[in-house]
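Remarks on the structure that follows.
Just so we're on the same page: letters track the sequence lines, and every chain starts at 1.
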There are 2 protein chains.
Amino acid sequence: MEDIIRSLGFLCLGSRLKRIGEQLQADTQRVLDRLEVPVQSSQYPLLAALDRLGPLPVGELAQALGIAQPGITRSVALLAELGLVEVGQSNNDQRRRIVSLTGNGRRLVDVAKRDVWPRIEKAVADLCADLSGPLLDQLAAIEDGLAAAPIDRRVQNAIDAVP
Amino acid sequence: MEDIIRSLGFLCLGSRLKRIGEQLQADTQRVLDRLEVPVQSSQYPLLAALDRLGPLPVGELAQALGIAQPGITRSVALLAELGLVEVGQSNNDQRRRIVSLTGNGRRLVDVAKRDVWPRIEKAVADLCADLSGPLLDQLAAIEDGLAAAPIDRRVQNAIDAVP
DNA sequence: TGCTGTTATATATCATGTTATTGTTTAACT
DNA sequence: AGTTAAACAATAACATGATATATAACAGCA
């Protein structure tokens, strides 16, 4: 069966990028599921931003992550529910709500940084390592690579290879 | 403000691809809005699939577009509501529901193929034309290019350039 | 000081993807 | 032929992005 999105080339590049991105996130989610971490893969960028930049108000988080503010508000509420972040008031501006990692959030990020993120990053980097040439060719290679072995299997293979 | 998704590199490649894809679709949507076409940009791949492959059952549409079957069911219902596609029964298998373009759908696709799609494709192709090198660099160049001039402005500029 | 406009966040609603489940129809055995 | 398994599509429920709008706090100026 012909892959129409692929055939349409640049015309549907947006759909195609979204499709690959969703695939990657779903694969990564399976890695996290196996580790019984209670956070969706899509929430990690927010945690990583707080880790890198320290406590931030909602608006600046939105800027740092390049997504719209209501998305941040929702993610923060979710992560606060899980006890991973907390929101406090700004001293000099009562409108701003400063988001920061809790102790549990801090621990989760530290563990992820040490044990999980490097593996995922390596698996994705390997997937993309030998790519070159025009963008559409690289995307096709990624799609083919993911079809042959999704990220979670690549991570697992790497773990199994350790004696 | 640091762009965290970009800084995280391969680790958040999925989020980044989704983000760029959404940007591209939103830009394209603005092109369509200006033309007062009553269809979301994300529905065009489905119409294009029917145009290219002829009437198809739901499951094969899902395969051709690489998205899950419930997504197709919903899009088909939406496009049927708009009178652009219709669903019929298969002769020999009562489970299959064959989706095909209506007269209006046919006309919409023909106009789009002639007047709209080439312009969008050209704008996106130009955006990506000079890219080379590693994937992440190409993605950064696309992000920068879209920030400098979104697709809808590129299309409009091309139209305005016609004397 | 009090009005006005701006800024920061929250909320509502929508779009579009996902997985899990259900109901029907078809196919395949025994 | 009758039971069981598989395939197809619809539905439910959720995730996560968007835009538009409401609310509250701040800032500037008459």
- Same cluster for A/Leu47 and A/Leu53 if Ile/Leu/Val/Met/Phe/Trp/Tyr side chains link at under 4.5 Å? yes
- Rounded off to whole Å, could you give me the CD1-to-C1' distance for the B/Ile72 and C/dT18 pair? 13 Å
- Query: Are B/Ile72 and B/Ile98 connected in a single hydrophobic cluster, I mean Ile/Leu/Val/Met/Phe/Trp/Tyr linked by side-chain heavy atoms less than 4.5 Å apart?
  - Reply: no
- Identify, between A/Ser42 and A/Asp93, the residue whose nearest nucleotide on DNA chain D lies closer to the 5' end. A/Ser42
- Message: Using a 4.0 Å heavy-atom cut-off, does B/Gly59 contact any base of the nucleic acid, only the sugar-phosphate backbone, or nothing at all?
- Response: sugar-phosphate
- DNA chain D: 5'-proximal contact among A/Gln40 and A/Asn92 (nearest heavy atom): A/Gln40
- Whole-Å distance, A/Gln94 CD to C/dT9 P, equals 12 Å
- Query: Closest nucleotide of DNA chain C for B/Gly66 versus for A/Gln69: which of these residues is on the 5' side?
  - Reply: A/Gln69
- Donor-acceptor pair under 3.5 Å, B/Arg74 side chain vs C/dG17 base: yes
- Which whole-number value in Å describes the distance from B/Gln89 CD to D/dA9 C1'? 10 Å
- Atom pair distance, as rounded to whole Å: CG in B/Leu61 and C1' in C/dT16: 16 Å
- Query: Does the side chain of B/Asn104 pick up a donor-acceptor pair with the side chain of B/Arg107 at under 3.5 Å?
  - Reply: yes
- Item | A/Gln43 side-chain N/O to D/dA15 phosphate OP1/OP2 under 4.0 Å | no
- Task: Using only heavy-atom distances, determine whether the side chains of B/Asp27 and B/Gln23 contain a donor-acceptor pair under 3.5 Å.
- Result: yes
- Starting at atom CD1 of A/Ile5, determine the distance to atom P of C/dT16, rounded to an integer number of angstrom. 13 Å
- Message: What is the distance, to the nearest angstrom, from the CG atom on B/Leu17 to the C1' atom on C/dG17?
- Response: 15 Å
- Scan A/Pro57 against the nucleic acid and name what it touches under 4.0 Å (heavy atoms): base, sugar-phosphate only, or nothing. sugar-phosphate
- Query: Please give, in whole Å, the distance from D/dA18 C1' to B/Asp27 CG?
  - Reply: 13 Å
- Answer yes or no: is there a donor N or O on one side and an acceptor on the other, between the side chain of A/Gln29 and the main chain of A/Ser41, under 3.5 Å? yes
- Starting at CG of B/Leu32 and ending at C1' of C/dA15, how long is that distance when rounded to a whole Å? 15 Å
- Does A/Thr73 or A/Lys18 map to a spot on DNA chain C nearer the 5' end, using the closest nucleotide for each? A/Thr73
- Query: Is a donor-acceptor pair below 3.5 Å formed from side chain B/Arg95 to base D/dA7, judging by atom type as modelled?
  - Reply: yes
